[in-house]
K.L.:
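Sharing a structure here in structure tokens format.
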Amino acid sequence: MMTNNETSKHWETIYETKTPDQVSWTQKVPTTSLAYIESLNLPKNAKIIDIGGGDSNLVDHLLELGFEDISVLDISLAALKRAQLRLGEKSSKINWIHSDILNFQPTEKYDVWHDRAAFHFQTTTENISQYVDLVTKFVTKYLIIGTFSEEGPLKCSGLEIKQYSIEDLAATFSESFDLKNSKKEN
């Protein structure tokens, strides 16, 4: 198992040496995430955080939709800087958080917690429990989370991941959240 510092260095190397076209997770338009967020009919001042958002294009689209209170958290400073460069002046509208998710100490609660990049890297019972506790304390309304299914790979970017069935993922967060929708996607 990698230490927090090793994990951070791993992701810095990825984002310093690979372009968005060279990694499998980049989506020019994150259609599924956007569809889920839009289906919530949120006010434009809803507090939205994108966990592991790095240089994801989700933030660009949320700004285009008029959302005003967006945070992006990532373990990689290089990923955050790439997103800031891409957004230019618009980047000043975003709250950029450089942190490992398990070290994150929120100062506010979020209406929407979006994560299609970090939870599946929590592979120990202790880390999963810590993540679930964080979400339980700091999410007021909606959790949108994407992980690798049981048919997916066992690793992502060279790191071990935990796979989930829809039922297992729902059960993991069942104390605080009810499953409203799910989708399998290749």
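Atom set for the values below is all heavy atoms of this structure, side chains included, hydrogens, waters and symmetry mates excluded.
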K.L.:
Looking at W113, Y36, F173, which hits side-chain contact (heavy atoms from CB on, under 4.5 Å) with I145?
P.N.:
F173

K.L.:
Measuring from atom CG of L34 to atom CG of N57, what distance do you get when rounded to the nearest 0.5 angstrom?
P.N.:
10.0 Å

K.L.:
Please report the closest heavy-atom contact between S176 and T136, naming both atoms and the distance.
P.N.:
OG-CG2, 3.0 Å

K.L.:
Could you tell me the separation between the CD1 atom of I48 and the CG atom of L58, rounded to the nearest 0.5 Å?
P.N.:
8.0 Å

K.L.:
How long is the span from the CZ atom in F121 to the CG atom in D115, to the nearest 0.5 Å?
P.N.:
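It comes to 10.0 Å.
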
K.L.:
If every non-hydrogen atom of D74 is compared with every non-hydrogen atom of A79, which pair is closest and at what distance?
P.N.:
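Smallest heavy-atom distance, with atoms named: OD1-CB, 4.1 Å.
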
K.L.:
Do other residues, nucleotides or ligands put more than 12 heavy atoms under 6.0 Å from the NZ atom of K44?
P.N.:
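Result for NZ/K44: enclosed.
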
K.L.:
Take the angle between the ring planes of Y131 and F119 and call it parallel below 30°, perpendicular above 60°, tilted in between.
P.N.:
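Geometry flag for F119 against Y131: tilted rings.
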
K.L.:
Can you find a pair of side-chain heavy atoms, one from L179 and one from I166, that are under 4.5 Å apart?
P.N.:
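Counting from C-beta outward, L179 and I166 do come under 4.5 Å.
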
K.L.:
Carefully, step by step, assess L42 and Y142 under the rule side chain to side chain contact (heavy atoms under 4.5 Å, CB included).
P.N.:
CA-CA 10 Å; L42 299 163; Y142 304 104; 3.9 Å; yes

K.L.:
So I49 and F104, side chain to side chain contact (heavy atoms under 4.5 Å, CB included) or not? Walk me through it.
P.N.:
CA-CA 12 Å; I49 188 165; F104 181 39; 3.8 Å; yes

K.L.:
For the pair I101 and Q122, evaluate side chain to side chain contact (heavy atoms under 4.5 Å, CB included) and give the outcome as yes or no after the intermediate values.
P.N.:
CA-CA 10 Å; I101 186 57; Q122 311 313 317; 3.6 Å; yes

K.L.:
Would you sort out whether V59 and D50 count as a side chain to side chain contact (heavy atoms under 4.5 Å, CB included), showing the intermediate values?
P.N.:
CA-CA 8 Å; V59 67; D50 188 16; 5.7 Å; no

K.L.:
Is there a side-chain contact between L40 and D111 in this structure, where contact means two heavy atoms from C-beta onward sitting under 4.5 Å apart?
P.N.:
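No, side chains not in contact.
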
K.L.:
Mind listing the closest non-hydrogen atom pair of A83 and G54 along with its distance?
P.N.:
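Result for this residue pair: CB-O, 3.4 Å.
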
K.L.:
For the side chain of R86 and the backbone of S56, is there at least one donor-acceptor N/O pair under 3.5 Å apart?
P.N.:
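A pair under 3.5 Å: yes.
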
K.L.:
Could you measure the distance from the NZ atom of K162 to the CG atom of L169? Nearest 0.5 Å is fine.
P.N.:
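Those atoms lie 10.0 Å apart.
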
K.L.:
Tell me, do P106 and L134 make a side-chain contact under 4.5 Å, heavy atoms counted?
P.N.:
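Touching, per the 4.5 Å side-chain cut-off.
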
K.L.:
Short question: side chain of Q130, backbone of L102 - any donor-acceptor pair under 3.5 Å?
P.N.:
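Yes, the answer is positive, given that a donor and an acceptor are paired below the 3.5 Å cut-off.
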
K.L.:
Please tabulate, for the side chains in residues 64-72, all donor-acceptor contacts under 3.5 angstrom to protein atoms that are two or more places apart in sequence or on a different chain.
P.N.:
unit_1	atom_1	unit_2	atom_2	d
D69	OD2	K47	NZ	2.7
S71	OG	N95	ND2	3.2

K.L.:
Compare all side-chain heavy atoms of D60 with those of K90 and state whether any distance is below 4.5 angstrom.
P.N.:
no

K.L.:
Measure from the side-chain N and O atoms of S129 to the backbone N and O of E126, and report whether any donor-acceptor pair falls under 3.5 Å.
P.N.:
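Checking the backbone N and O of E126 against the side chain of S129, no donor-acceptor pair under 3.5 Å is found.
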
K.L.:
Could you give the distance from NE2 (H120) to OG1 (T123), rounded to the nearest 0.5 Å?
P.N.:
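The distance works out to 11.0 Å.
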
K.L.:
Work out which heavy atom in H61 is nearest to a heavy atom in P30; give both atom names and the distance.
P.N.:
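Nearest heavy atoms, H61 then P30: CD2-CD, 3.6 Å.
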
K.L.:
If you compare all heavy atoms of K109 against all heavy atoms of T140, which two are closest, and at what distance to 0.1 Å?
P.N.:
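Closest approach of K109 to T140, heavy atoms only: CB-CG2, 3.6 Å.
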
K.L.:
Minimum heavy-atom separation for S76 and H98, please, with both atom names.
P.N.:
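So the minimum-distance heavy-atom pair works out to C-CD2, 3.9 Å.
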
K.L.:
Could you measure the distance from the CZ atom of R116 to the CD1 atom of I144? Nearest 0.5 Å is fine.
P.N.:
12.5 Å

